[in-house]
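Below, read A as the first sequence line, B as the second, and so on, with proteins coming before strands; counting in each chain starts at 1.
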Amino acid sequence: MSFRTNYTVNKTPRFSLLSEDQKARIFRGVIKTLNDTGAKVVHEEVRELLAKNRCKVDGNRVRIPPEVVRDALSSLPPTTTIYSWDGQEEMCYVEPGRSYFGPGPTPPNFIDTETMERRPYQRKDATIVARVCDALPNIGYVQSLGSIDDVTHALSDVYEFADMIQNTRKVIMNWAFNVENVKDEHRIGIVMAGGEEAFKQYPNFIHYSEPISPLTSDFDAIGKCYYCAQHRIPQVYTPCAIGGATVPATHAGQIIVAMAESMVGVVVSQLLNPGTCILIGGVQSILDMRRTIYSYGAPELGIMSAMFTEMLNYVGLPMYSTSGCTDTKKMEMQSAIEAAFSIHMAMLSGANFVHDNGYTESGITGDVFQTVMDDEIIGMSRLICGGVEVNEETLAVDEICNVGPGGHYLYEDHTMKWFRKHWQPTLMDRNSYEDWDAQGRLTMKDRVIKKTRDIIDNHEGPVSRVPAEAQKDIQKILDAAEERVRSK
Amino acid sequence: MAVDFGKMADLLIAGKVEDVSNMTQEAIDEGLDPQEVLQNGLIAGMDVVGQRFKACEMFIPEVLRSAKAMSAGMDKLRPLLSESQAKAAGTMVIGTVKGDLHDIGKNLVAMMFEGAGFKVVNLGIDLDTQVFVDAVKEHKPDLLGMSALLTTTMPRMGEVVNALKEAGIRDQVKIMVGGAPVTGEFAEEIGADIYGANAASSVDKGREAVGK
Amino acid sequence: MESIMPDMQPMNQTVQETPQFRVLTEDQIEQIYFAALDVLERIGSRVHQDEALELFRNSNEAVVSEDKRVRVPASLVERALKTYPRKITLQGRNGKRSVALQKDHVYFGTGSDLPFTYDRKTGERRRTTYKDVTDAARIVDALPNFDFFMSHGIVSDVPNPQTYDRHQFMAMLEGCTKPMVVTSVDGEGLEDLWKMACLFQGGEEEFRLSPMFVAYIEPISPLTNDHSAVEKLLFAAEKGIPAMYTPCPSSGATAPATIAGMLVQSLAETLLAAVMCYLKNPGMPLIMGGVTTVMDMRTTTYSYGAPELSLASAANTDISKWLNLLMFSTGGCSDSKWLDEQAAIESTLSLLTAFLSGANLVHDVGYIDSGVNASLESLVMNDEIIGMVRQVGKGIRTDDEGLALKVINEVGPGGEFVTHDHTYAHWRDWFFPKLMDRSDWETWNSEGSKTMSDRVNEETQRLLDTYEPQPIDDATRKGLQEIIDAAEKRHSK
Ligand code: B12
């Protein structure tokens with residue numbers, strides 16, 4: 001039944017920091033910077049590729065003209081699907097309007113899940129993080145929250161991936177020291193997918209690498225980008241720009257630099273393999289001018305990330321954003337505030353992959369308890385960003401008139417049908433004071449710890465379903481890598 | 001055809017008000033002992049509802065639906081129960097005190113007690129002390145519930161307790177109080193018997209206090 | 001470094017000075033509005049007050065039934081809606097017109113009347129006192145991100161519940177010079193508070209131009225208007241006192257379980273008040289409101305931390321702007337019993353959402369335990385959060401100075417910006433944390449490994465120990481006392 005015409009709805013709330021004119025201005029800034037200032041590219045093969053394709057190369061400085069940027073942008077894939085390790089399930093769509101939240105890569109330390117002490121990240125932690133993330137409903141993809149200290153250091157990236165991919169069906173975003181190690185990881189992905197062809201069809205990981213601000217692509221970073229593009233491995237090429245230190249102190253200036261340096265990766269990937277998936281974005285925050293740390297809790301992080309997301313939407317690139325992280329040393333009130341702030345900003349802006357949920361101490365320590373707390377925040381933020389459904393049924397005029405002044409809705413069929421759409425907390429306490437008191441006056445932190453440990457004790461993850469054959473093959477890859485490192 | 005108490009309980013758990021009512025009638029028509037219908041059908045079902053609620057498998061609207069089914073069944077049974085049996089199911093009078101218009105919390109408590117088989121007389125809100133006294137005289141309830149959500153109206157509950165004493169009927173009822181600013185200590189101070197922090201725990205405490 | 005050549009200035013540019021945020025389209029808002037009008041025509045709202053019923057009857061348009069239900073045609077509602085002011089500027093007792101309520105200006109403040117407080121010495125929960133209210137008032141006066149004050153706690157150590165509001169207002173005035181939102185027992189109570197405020201503002205007329213407070217008044221959802229609420233509203237209308245009529249529905253219990261349905265019902269309640277005030281005194285300063293949230297279906301708690309509170313409030317604010325009414329909204333509050341991570345999260349999400357929505361007065365900042373417990377520390381914590389939230393409102397600067405292309409080119413690949421003049425000129429635009437720690441591990445340990453709770457606690461104590469608000473002069477104080485004494489006398493029987 002429709003009496004209506006000319007009707008639009010906000011399916012979800014609309015949020016934006018920039019007008020069309022502002023976006024155009026910033027984008028022209030990126031184009032001008034790439035064309036006039038250019039970027040340093042410390043990789044001969046890549047420079048040759050760029051020189052062959054209309055870029056101006058002068059020493060290791062590469063200037064990229066607007067038309068090259070435009071061509072790269074126009075060959076990006078509108079959507080890419082990433083799969084569970086066995087290719088059975090579609091896990092992520094890299095496309096506008098989809099947001100996946102996950103932890104981040106590589107802090108040196110970890111909060112021990114038993115002792116709660118800060119200590120170097122160990123191999124077993126990778127499995128813990130994978131399993132915990134596997135169990136959390138609002139975590140969409142997985143990173144390790146550390147770099148393993150108790151294996152051959154040069155291979156900690158490979159070990160991490162080898163363990164994690166067997167312990168969660170969610171998509172893993174891995175990282176690597178160099179191209180050799182990416183190759184190992186690629187092999188592991190292929191083993192898990194069931195062969196090279198299967199991996200091409202059903203990629204099961206995303207690779208993460210970083211240019212350096214300002215405007216520098218070092219040998220390993222751009223080398224990895226090159227390799228991933230060649231093999232059509234979905235990848236992230238994103239800097240950690242430090243406002244007032246490695247980029248300008250004004251947000252627009254910062255995003256121009258960050259976008260320009262990342263664009264090198266975009267151009268290289270599309271020249272090599274048009275249509276291969278690449279995301280940019282990264283950590284966008286400021287240098288705290290009193291304590292000289294790179295702030296993971298500053299509101300500027302949320303603001304600039306949201307702004308960057310908008311810019312990338314404008315040019316058709318997917319955004320790899322940041323949230324759920326903190327400058328404080330442990331999970332506590334401050335980390336709750338900073339995480340809630342950045343998660344909500346990322347969600348409002350519609351960033352696609354949002355990392356660092358579970359970073360404490362400004363990225364120095366990984367804390368899976370924080371990830372568990374972030375999971376709850378993400379759920380709340382998702383509800384708010386889910387908007388209000390307005391139609392005849394939800395408007396409930398008949399119900400309002402039936403209940404009438406002074407009545408109540410607890411017996412209504414309408415209530416029975418709809419109340420389950422209310423968000424259900426798993427960590428937020430809504431007990432009466434007496435019940436809370438009687439149950440031992442638990443604070444949120446107590447409940448987070450309990451929930452995390454419950455998951456660690458009880459959620460096995462998919463590891464038992466990994467074929468024995470694949471496990472053996474992965475071990476072979478690790479052994480070969482050890483051999484390679486030893487022989488160097 | 002024998003009445004299947006298991007099915008009756010299931011219907012009650014599923015909140016099928018009419019079905020439970022009809023099935024109770026069938027059981028009556030078949031000449032079953034009303035006390036047995038109550039125990040093995042209705043109360044058995046409500047016990048499961050209570051457990052599921054505590055396990056977070058059922059939520060308030062569902063519990064209330066079941067409670068309504070329970071009370072629909074009770075309406076059929078009550079006239080047939082012997083006086084002592086009917087009395088055994090329990091009666092409650094409840095209301096919000098003078099000057100206080102908060103309604104929904106008290107209504108929730110009332111509905112949950114209905115679900116526990118009580119006959120509940122809901123007096124409303126903003127009630128003079130005398131209304132409580134008269135209601136206790138008239139209905140001779142096992143429980144008198146009073147609700148106050150304001151610091152300023154809370155003392156009214158003490159006034160009611162005193163008025164009941166003066167009327168010489170204080171000992172006829174157990175007095176329950178509740179509402180946001182009310183505490184166990186306050187309940188004790190004014191000489192009430194039970195403090196209820198929320199609807200679910202109030203029913204447990206209330207039943208225990210009057211042995212129902 | 002701004003470009004000085006006029007021909008380098010771009011033309012036809014729009015910039016977003018602040019972020020843009022909307023939950024509903026105009027079409028959706030209209031749908032909700034028409035549904036609310038439908039409710040008022042079909043079932044109406046019950047009014048337990050004779051003068052108001054008389055006003056409705058005399059309108060010759062509203063229909064008053066035997067059961068005191070008032071039904072109102074759309075035409076009357078629409079006429080009433082045209083009369084309300086789009087701007088109200090509040091002036092504190094410090095003489096500053098610091099709260100300029102107008103479209104998309106956002107101000108933050110406390111809530112009122114919390115029965116309990118955690119004692120700062122014993123850590124135990126106890127009833128809130130006069131001194132607690134004065135302390136909260138001082139803290140709010142001192143904190144830069146609070147713009148207005150509601151009592152936070154209720155003064156439970158006063159002689160008579162019928163006159164508690166005068167004492168409470170006095171406690172508020174003692175500690176705080178900022179504009180306020182006040183609760184009152186009834187019409188007579190509101191009149192006394194208004195007289196007290198007029199002593200500061202310089203009389204009734206001055207109060208109308210620069211009111212010190214807004215009167216907080218509520219209907220009872222669903223669709224009921226009790227005697228004292230209406231009495232207050234009509235008194236406010238008569239005297240031109242700004243008033244809000246703010247429904248507190250709980251979705252699933254006293255309102256439909258859908259957010260849209262809850263908004264329809266709340267709007268119907270608001271529109272009825274709009275008509276009532278219009279009939280009494282067209283154009284009185286009425287403010288729309290709403291604490292629109294869910295009842296938790298496990299615990300029966302009226303949830304102050306639910307994400308639905310944020311979403312529904314933001315949608316409600318969209319509606320208020322479309323109606324050209326000012327908006328009283330909610331944020332910075334929590335269901336947590338303790339000032340912990342939960343309180344931090346719920347406060348942050350609701351404050352950020354409320355700010356983005358552009359609600360004019362965001363209240364209940366600092367509530368814990370679902371509006372039952374007071375916490376001075378929570379006020380201090382929230383002050384920091386509001387600071388962060390306001391940072392979002394600064395928007396992104398995209399002039400030449402903001403784009404910094406010349407600077408980028410100058411520094412070039414591999415360079416640094418720390419020593420550049422451009423950084424020197426702009427880093428102060430960033431948020432300055434007061435309570436957020438950004439030290440490194442070593443420093444943090446050497447400084448005592450403090451958590452944010454520790455710092456919040458210390459800051460609260462520091463403010464309590466040191467902050468003195470501008471005092472009330474003796475003459476005014478005497479006048480205030482007279483009003484209070486007179487009230488006590490009237491009510492002592
Ligand atoms: C919704 C609400 C209202 C609505 C009520 C609508 C309605 N239909 O009931 C309206 C808007 C009308 C309202 C009005 C006012 N309110 Co009011 N209100 C609330 C609020 C936000 C939620 C109450 C609620 O519905 N909770 C959900 C229900 C399901 O829970 P509940 O009522 O607590 O009941 C449960 C238990 O307490 C217990 N229980 C309750 N009663 C009983 C009785 C027995 C016998 C037992 C065993 C158990 C029991 O079981 C219930 C179910 O689990 C509370 C804050 C809060 N969290 O309590 C303030 C609150 C109670 N209100 C408050 C105030 C100040 C007022 C006003 C004075 C405001 C004003 N100045 O205009 C007016 C007073 C009007 C009046 N004369 O009564 C204050 C009280 C402060 C104080 N120290 O006294 C509170 C605490 C909020 C605050 N901090 O300001 N309010």
field: Reported CD-to-CE distance for the pair C:E341 and A:M373, which is rounded to 0.5 angstrom
entry: 6.0 Å

- prompt: Distance from A:K329 atom NZ to C:N445 atom CG, nearest 0.5 Å?
  reply: 9.0 Å

message: So, applying side-chain contact (heavy atoms from CB on, under 4.5 Å) with C:L24, which one of A:N10, A:V9, A:V388 is it?
response: A:V388

Let me know if [X] has heavy atoms under 4.5 Å from chain A in its side chain, its backbone, both or neither.
| X | result |
| --- | --- |
| C:V389 | both |
| C:N409 | both |
| C:N12 | backbone |

Contact origin within [X] toward chain C - heavy atom pairs under 4.5 Å:
| X | result |
| --- | --- |
| A:Q334 | both |
| A:R382 | neither |
| A:R441 | side chain |

- prompt: Under 3.5 Å, is there a donor-acceptor pair between the A:T328 and C:D437 side chains?
  reply: no

- request: Answer with yes or no whether the side chains of C:T299 and A:N431 bring together a donor and an acceptor at under 3.5 Å.
  value: no

message: Whether the side chain of C:T25 engages the backbone of A:T8 through a donor-acceptor N/O pair (distance < 3.5 Å, no angle test) should be reported.
response: yes

- line: Scored by heavy-atom pairs under 4.5 Å with chain A, the best of C:T18, C:I220, C:I32 is C:I32

message: Shorter than 4.5 Å, heavy atoms on both sides: which option in C:G44, C:S370, C:S251 has the most such pairs with chain A?
response: C:S251

- prompt: Can a salt bridge be assigned to the pair C:D340 and A:K445 using a cut-off of 4.0 Å between side-chain N and carboxylate O?
  reply: no

field: Pair A:E376-C:Q342, side-chain contact (heavy atoms from CB on, under 4.5 Å): steps then yes or no
entry: CA-CA 10 Å; A:E376 184 93 341; C:Q342 174 179 351; over 6 Å; no

query: With chain C, which of A:L287, A:I364, A:D36, A:I212 has the greatest number of heavy-atom pairs at distances under 4.5 Å?
result: A:L287

